[in-house]
Amino acid sequence: MTDRPRRFWLMKSEPSDYSLDDLERDGRTHWDGVRNFKARNLMKEMEIGDGVLFYHSMKRPPGIAGTARVCRTAYPDFTQFDPKAKYFDRRVKPDKPWWYMVDIEFVSRFPKEIPLPLLRKMPEIEGMALLKRGQRLSVQPVTEAEWNFLVALGQRGGDDTAS
DNA sequence: GCCAACGTTGGC
DNA sequence: GCCAACGTTGGC
């Protein structure tokens with residue numbers, strides 16, 4: 001048993017909807033509401049222990065707030081069946097779910113969020129999916145090199161001049 | 001199967 | 001609020 005994650009991901013959330021602070025308070029949560037096939041397929045690849053960069057979108061500036069860990073592999077997102085739920089999907093038959101979610105648990109909050117404009121200046125993560133033009137996926141794969149760099153950067157408070 | 005129209009995402 | 005990029009829908 002190692003605490004070293006095997007694979008790495010980035011997951012976006014609007015903090016007004018669900019923030020890293022909320023996750024820290026709750027300890028863990030189910031990641032419901034993903035309604036994009038690519039993002040769903042990526043979640044189905046996740047394994048327990050995988051590392052997650054928690055990204056706050058739709059704020060100024062957006063940024064990476066901290067890290068989480070996958071603690072339950074993909075299972076049907078129950079909100080797709082609930083007519084009163086925000087993410088209800090009328091096309092889905094009860095016996096054939098379309099949408100899945102995973103559970104994640106809180107791991108760490110960076111002293112300061114790493115803002116998107118700073119990420120764009122970092123040659124180490126050039127080519128990162130998040131920085132690609134028109135990138136909208138709410139779940140993205142992250143390489144091990146990107147993970148290592150960003151976690152180290154985040155832990156020292158986004159200070160890109162430190163050694 | 002093509003593709004125009006429409007809806008959503010999400011940075012700015 | 002604007003708008004670019006992308007995904008989805010639906011007519012044909």
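Numbered from 1 within each chain, the chains take letters A, B, ... in sequence-line order. Since this is a predicted model, take the numbers as computed values, not measurements.
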One would report the end-axis bend of the helix from B:dG1-C:dC12 to B:dC12-C:dG1, five pairs per end and rounded to 10 degrees, as 10°

Assign each of A:G134 and A:W98 the nucleotide of DNA chain C bearing its closest heavy atom; nearer the 5' end lies the nucleotide of A:G134

Of B:dC12, C:dC6, B:dG10, the nucleotide closest to the side chain of A:S138 is B:dG10

Check your understanding: Can you find a side chain N or O atom of A:Y55 that sits less than 4.0 Å from OP1 or OP2 on B:dG11?
Key -> yes

Does the A:D77 side chain pair with the main chain of A:G33, one donor and one acceptor, at a distance under 3.5 Å?
yes

Q.
Could you tell me if the side chain of A:K38 sits less than 4.5 Å from the side chain of A:N41, heavy atoms only?
A. no

Atom NZ of A:K38 and atom C1' of B:dT9 are separated, to the nearest Å, by 14 Å

- Task: Run the ring-centre check on A:W99 versus A:F37 and record whether the distance is less than 6.0 Å.
- Result: yes

Between CZ of A:F37 and C1' of C:dT8 the distance, given in whole Å, is 9 Å

Between NZ of A:K12 and C1' of C:dC6 the distance, given in whole Å, is 11 Å

Judged by nearest nucleotide, the residue sitting upstream toward the 5' end of DNA chain C, A:R91 or A:Q135, is A:Q135

Under 4.0 Å, heavy atoms only, any strand: does A:P61 hit a base, just the sugar-phosphate, or nothing? nothing

Is the phosphate of B:dC12 approached by A:R120 (side-chain N or O, under 4.0 Å from OP1 or OP2)? yes

A:R136 CZ to C:dG7 P, in whole Å, measures 6 Å

Ranking A:Y87 and A:R60 by the position along DNA chain B of their nearest nucleotide, the one closer to 5' is A:Y87

When rounded to whole Å, the CG to P distance for the pair A:L137 and C:dG7 reads 7 Å

Between CG of A:L118 and P of B:dC12 the distance, given in whole Å, is 13 Å

Rounded to whole Å, NE2 of A:H56 lies from P of B:dT9 at a distance of 17 Å

ask   = Does the side chain of A:D82 pick up a donor-acceptor pair with the side chain of A:T79 at under 3.5 Å?
value = no

Should A:K93 and A:D95 count as an ion pair when the cut-off is N to O under 4.0 Å?
no

A:R90 CZ to C:dT9 P, in whole Å, measures 13 Å

Here the gap from A:K12 atom NZ to A:M58 atom CE, rounded to the nearest 0.5 Å, amounts to 10.5 Å

Regarding the side chain of A:M58, the nearest nucleotide among B:dG7, C:dG1, B:dG11 is B:dG11

Side-chain donor or acceptor of A:E124 paired with backbone N/O of A:F149 under 3.5 Å: no

